[in-house]
Amino acid sequence: MKDALIAEFVGFAGHRSDVIEGYLARPISDTPVPSMVLVHHAPGLDPWCKEVVRRFATEGYACLAPHLYHRRGPGNWADVAAAGRAEGLAKSMPNDQVMGDIAGAAAYLRAQPGSNGKVGVIGFCSGGRQTFLAACEVPELDAAVDCWGGSILPQPESEGRPASRGVLHRAGDMSMPLLGIFGNDDSNPDRAEVDEIDRVLTELGKDHTFHRYDGAGHAFFVTDKPVYRLEQALDGWQQVFRFLDRTLKGAD
Amino acid sequence: MCTWLSQQVEASGAARGVADWMRVTAVNVMYDHPVSAPYDHALLLDFINPSQGVGARVGIELSASSARELVRAIEVALASTEAKADLVQQSNH
């Protein structure tokens, strides 16, 4: 029954079995459904991310978004996220912790009685980079969707931001199909960086498909910000669900 | 003496407050994606007291132009005789 869903906050065992909060939506369904882990963007588990979690449920996917700043709490998600962001990405969302939280979310979803056993991951902005890394480091996932993940390539120190090593060097361990969604007007990742990611994955023989949109920049799916681009977002979502229906539902 | 020096600047952004006065011990300043203000990027100001938990926070998200106007108004306020005197005194502490 499309559009019938249950949405709620749940606790689940994340990295090192820490119980962290997540926002879960699942369709009311008589048949087993695939699942998605949603990796929120840097502002946190905000209203737009929760809206996307519910969107997945309307499309027949259980979806769990871990609150990746949870450990900085307790408190309102916005205050917790603000405290985490002020400490910088490396401290507030270290890679090993995020990978553990994604793996924990996948295990939680797979253990639900309505699961068909397939679990994918999708992430936005910093969550896109974390999704790329999860495709390399969390082999229990079945598919990954990187939406405009920045800093996948090494980044030099600039304007007070520390240099970062990126995650592209981990691509050799990528173990699942990857879909990439990018705006051609984005500055991180810019066109040359997306070209390079594509080149490396192709050279390694990794299953990947990139959709790159003219007239769109960073975060063009985000409906409550000026960067939203209607036509590109509609097509992008269509590509996302086509990919996931194939990889997680077995649809042709 | 009472200065009665006040200015108002037009601003565009969002704010997240608290129920009552709180002691502020630090301010976080970023220019990044806002949570609520309808901009792709904004000046993010968090007036906080970490010893009281993450909820001890007054968060402000301003458009870049609003933030620039605010800076200008703050500079005007700090150019007053009283502020200059206080700045000298506080710099000696």
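Lettering follows sequence order; numbering is per chain, from 1.
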### Message
Restricting to non-hydrogen atoms, name the atom on A:Pro226 and the atom on B:Asp40 that form the minimum distance, rounded to 0.1 Å.
### Response
CD-OD1, 3.3 Å
### Message
Under 4.5 Å from any heavy atom of chain B, what part of A:His218 do you find: side chain, backbone, both or neither?
### Response
side chain
### Message
To check you understand the geometry: which heavy-atom pair defines the closest contact between A:Arg85 and B:Val35, and what is its length?
### Response
NH1-CG2, 4.2 Å
### Part of residues 9-26 of chain A lying next to chain B, heavy-atom separation under 4.5 Å
none
### Query
In terms of heavy-atom proximity below 4.5 Å to chain A, should B:Pro34 be classed as side chain, backbone, both, or neither?
both
### Query
Measuring from B:Arg16:CZ to A:Asp79:CG, what's the distance to the nearest 0.5 Å?
4.0 Å
#### Entry: Within 6.0 angstrom of A:Glu87 CD, more than 12 heavy atoms from elsewhere
yes
### Query
Where on A:Ala78 is there a heavy atom nearer than 4.5 Å to chain B: the side chain, the backbone, both, or neither?
both
### Summary
Whatever's closer than 4.5 Å to a heavy atom in chain A on B:Ile48 counts as neither
### Message
Could you report the tightest heavy-atom contact between B:Val54 and A:Val80, atom names first, then the distance?
### Response
CG2-CG2, 3.8 Å
### Message
If you compare all heavy atoms of A:Ala82 against all heavy atoms of B:Asp46, which two are closest, and at what distance to 0.1 Å?
### Response
CB-OD2, 3.3 Å
### Task
Please list, chain by chain and in numerical order, all residues satisfying side-chain contact (heavy atoms from CB on, under 4.5 Å) with B:Val88, sequence neighbours excluded.
B:Asn92
### Task
Provide the closest heavy-atom pair for A:Lys225 versus B:Ala37 in the form atom of the first, atom of the second, distance.
CE-O, 3.3 Å
### Heavy-atom proximity to chain A below 4.5 Å, by part of B:Asn28
side chain
### Query
Does A:Glu8 CD have over 12 foreign heavy atoms under 6.0 Å away?
yes
### Message
Which atoms of B:Ala56 are under 4.5 Å from chain A, going by heavy atoms: the side chain, the backbone, both sets, or neither?
### Response
neither
### Task
Please lay out, stage by stage, how B:His33 and A:Val222 fare under the test side-chain contact (heavy atoms from CB on, under 4.5 Å).
CA-CA 11 Å; B:His33 303 306; A:Val222 179; over 6 Å; no
